[in-house]
> 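Please read through the structure below; I'll follow up with questions.
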Amino acid sequence: MFHTHMDENGLMVKCYHKSKTVLLSVSFWLGLTLGFPVEHFLWEKIWPFKLLTHYIGL
């Protein structure tokens, strides 16, 4: 997700340009929008996840 650059002191620093472009992509937001109901169903209705959800008080 990142690449590196040399700063003015010669140190390697991480660059997150690609991460910024992911946040602006339609596929990211479509996946997030469609994935949320599936994840919600998983944590509320499927046995081992439901047990954990209620155990931690969510």
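Keep in mind it's a predicted model, so treat the numbers as computed, not measured.
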> Consider only side-chain heavy atoms of I, L, V, M, F, W and Y, link residues closer than 4.5 Å, and tell whether Val26 and Val22 are in one cluster.
no

> Does any part of the side chain of Leu52, heavy atoms only, come nearer than 4.5 Å to the side chain of Trp43, both counted from C-beta?
yes

> With a 4.5 Å cut-off on side-chain heavy-atom distances among I, L, V, M, F, W and Y, is there a chain of contacts connecting Phe28 to Leu30?
no

> Pick from Glu39, Lys45, Glu44: which one makes a side chain to side chain contact (heavy atoms under 4.5 Å, CB included) with Phe41?
Lys45

> Taking Asp7 for its side chain and Asn9 for its backbone only, find out whether a donor-acceptor pair lies under 3.5 Å.
yes

> Of all heavy-atom pairs between Trp29 and Leu23, which one has the smallest distance, and what is that distance?
NE1-O, 2.5 Å

> Out of curiosity, His40 NE2 to Thr53 OG1, how far, rounded to the nearest 0.5 Å?
9.5 Å

> Grouping I, L, V, M, F, W and Y whenever their side-chain heavy atoms are under 4.5 Å apart, do Ile56 and Leu42 come out in a common cluster?
yes

> Give, for atom NZ of Lys14 and atom OG1 of Thr4, the distance between the pair rounded to the nearest 0.5 Å.
10.0 Å

